[in-house]
Amino acid sequence: HPLPVCLAPPDPWFTPPCGQVSGAGVALGILNGEFHWHQHANPDEFCYVVGGKLIIELEGKSVELGPMQGFTVPMGVQHRPLAPEKTIVLMIERADVKATGD
């Protein structure tokens, strides 16, 4: 089944789940602005930028990603994603993870 196209997301951090692969949840996020500091106690989180620009602030450093670049946030690490422009991100994490953090 094709993914639905969302031209106008309902909020600046729209991350609807797209499906699952071997127990991992897959979401295609449309992001714009700042998200809050949070962490995931157990699983890692992988973010892959499809379009736009994503900055992931971590404890003591930040990682800037452009199209076709990805980064894994290790479990238990405080982080805050920032999207200074409309950005489309593919996110993969364990399917039962709360996206907003623990």
Side-chain angles (χ1 to χ4, degrees):
H1 298 268
L3 293 176
V5 175
C6 182
L7 300 177
D11 63 61
W13 285 86
F14 185 62
T15 59
C18 297
Q20 290 187 18
V21 176
S22 299
V26 178
L28 187 62
I30 302 172
L31 318 176
N32 195 354
E34 300 179 4
F35 202 61
H36 62 269
W37 283 96
H38 66 286
Q39 69 183 26
H40 307 282
N42 189 12
D44 297 333
E45 174 184 22
F46 178 73
C47 300
Y48 178 83
V49 176
V50 177
K53 178 178 170 180
L54 182 67
I55 300 166
I56 302 173
E57 292 185 340
L58 304 160
E59 301 166 343
K61 70 175 183 174
S62 65
V63 176
E64 186 174 315
L65 303 172
M68 298 178 24
Q69 293 181 316
F71 181 76
T72 299
V73 178
M75 65 179 156
V77 172
Q78 284 278 341
H79 61 286
R80 177 175 77 149
L82 309 165
E85 61 192 52
K86 183 178 175 181
T87 301
I88 299 172
V89 178
L90 180 70
M91 295 170 285
I92 302 172
E93 57 195 354
R94 208 174 65 210
D96 62 349
V97 168
K98 183 177 177 187
T100 56
D102 298 332

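What you see is a predicted model; the values in this text were computed from it and never measured. Index from 1, following the sequence.
What you find for P67 and G52 is that their closest heavy atoms are CD-O, 3.3 Å. Between N32 and A83, the closest heavy-atom pair is OD1-O, 3.5 Å. Listed here is the closest heavy atom pair of L65 and C47: CD1-O, 4.2 Å. In terms of heavy atoms, F71 sits closest to L58 at CZ-CD1, 3.7 Å. The nearest pair of heavy atoms linking P81 to L54 is CB-CD1, 4.1 Å.
Taking the six-membered ring where tryptophan is involved, the planes of H38 and F35 are perpendicular, since the angle between them exceeds 60° and thus also 30°.
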Walk me through it: do W37 and E57 pass the test side chain to side chain contact (heavy atoms under 4.5 Å, CB included)? CA-CA 9 Å; W37 283 96; E57 292 185 340; 3.5 Å; yes

Quick one: do V89 and V50 satisfy side chain to side chain contact (heavy atoms under 4.5 Å, CB included)? Show the steps, please. CA-CA 5 Å; V89 178; V50 177; over 6 Å; no

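Between the side chains of E45 and H79, at least one donor-acceptor pair of N or O atoms lies under 3.5 Å. At a cut-off of 3.5 Å, with distance as the only test, a side-chain donor of Q39 or Q78 sits close to an acceptor on the other residue.
For the pair I55/V63, no side-chain contact is recorded, criterion being any heavy-atom separation below 4.5 Å from C-beta on. The side-chain heavy atoms of Y48 and M68, taken from C-beta on, include a pair separated by under 4.5 Å. No side-chain heavy atom of Q69 sits under 4.5 Å from any side-chain heavy atom of V49.
Both F46 and I88 are members of a single hydrophobic cluster when ILVMFWY side chains are connected at heavy-atom separations under 4.5 Å.
The salt bridge (charged side-chain N to carboxylate O under 4.0 Å, His left out) check on E85 picks up nothing, with sequence neighbours excluded.
Listed for the D44 side chain is no donor-acceptor partner under 3.5 Å among the backbone atoms of P74. T87 places a side-chain N or O within 3.5 Å of a backbone atom of K53 that can act as its donor or acceptor partner.
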